[in-house]
Amino acid sequence: MLFRNSVIASAALALVATMVEAHSWADCVDWRFTDPSKPGWRATDGKCYGWARQYPINSGVSFGGLDSFSPSRHYQQSTSDFLPCSDHRHGVEPGADETRQNPISKAYGGRFGAMAQATPGQKMCVRWPAKNHAKKDEPNNPVMINMPNTILNKDPNQSGFTSANIAKLNYKDCNQIAGDTDRTPCGGCFNVPDGLATGTYVIQWRWMLNQDEYYTSCWDLQVTSKTDGGATTSRLSNSTSIFADLAEDDDN
Ligand SMILES: *[C@@H]1O[C@H](CO)[C@@H](O)[C@H](O)[C@H]1NC(C)=O
Ligand SMILES: *[C@@H]1O[C@H](CO)[C@@H](O)[C@H](O)[C@H]1NC(C)=O
């Protein structure tokens, strides 16, 4: 009896944990489409070239599963301090350690993903898992891409990030996967501001699910000059039809 009750209790706990953990984060911060005329977020639609800080690329966890990983990739800010990037301790739901490293490059390479790179004005795409929140009956608050346009010697506070918004992306631009609204892949694109000096900038992905319920991911962006061969220049054509294409998928 006792055993049975504890089984039921742990099943209930597991369910609560799953529900609590069903929130999103930036899974890839430099997603490049295999065929820019057919943009999409499924593994077959592109490849990732840049990740958030200390992102565990060899975790073996499949897409959308890192919220149940330790440390969790999703981070819910506390309204008492709105710490902009998770430090693995603060928050309503603490996340992985995404504090700025010294040197900044320490958060990348090896067991972590590579740092994103771009040239000024370039288009970049970011991918995230729907985590059940891209369904029709869910609120649809935009993903805010916040990027101060100066090279800073430390991360700004949340007001600094908020006042540096450069794009609002539609959370529900997804390739709906029938029967898996949790791991449905979603994403959006934005342009890196033009006229930036060469150097390393910080970017924040911030999404409000419900009022005052914010999730963030932070990464660094190496901005190279347009003339130094810049590796990544013009690799994405202007795909104005991206959201139209994805909207069609929504009806499937
Ligand atoms: C955030 O940072 C700005 C600039 O450094 C500062 O003026 C402001 O007081 C800070 N706000 C909070 C709430 O700490
Ligand atoms: C992309 O857009 C830019 C600015 O709107 C324009 O100058 C350029 O010709 C476009 N490129 C393509 C391939 O359509």
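In this chain, residues are counted from 1 in sequence order. Each ligand, and each atom within it, is numbered from 1 in the order the structure gives.
- A salt bridge links Glu98 to Arg73: at least one charged side-chain nitrogen sits closer than 4.0 Å to a carboxylate oxygen.
- In this structure, Asn153 has no side chain to side chain contact (heavy atoms under 4.5 Å, CB included) partners at least two apart in sequence or on a different chain.
- Shown here are the side chain to side chain contact (heavy atoms under 4.5 Å, CB included) partners of Pro193, two or more places apart in sequence or in another chain: Met147, Ile166, Leu196.
- In terms of the side chain to side chain contact (heavy atoms under 4.5 Å, CB included) criterion, residue partners of Ser59 (sequence neighbours excluded) are, by chain and number, Pro56, Val61, Leu66, Phe69.
- Between His74 and Tyr215, the two ring planes are perpendicular [angle over 60°; tilted spans 30° to 60°].
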List, pair by pair, the atoms of ligand 1 and of the protein that are both N or O and lie under 3.5 Å apart, giving the separation rounded to 0.1 Å.
residue	atom	partner	partner atom	Å
ligand 1	2 (O)	Asn157	OD1	3.3
ligand 1	2 (O)	Asn157	ND2	2.4
ligand 1	11 (N)	Asn157	ND2	2.8
ligand 1	14 (O)	Asn157	ND2	3.3

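- Between the side chains of Trp25 and Tyr55, at least one donor N or O sits under 3.5 Å from an acceptor N or O.
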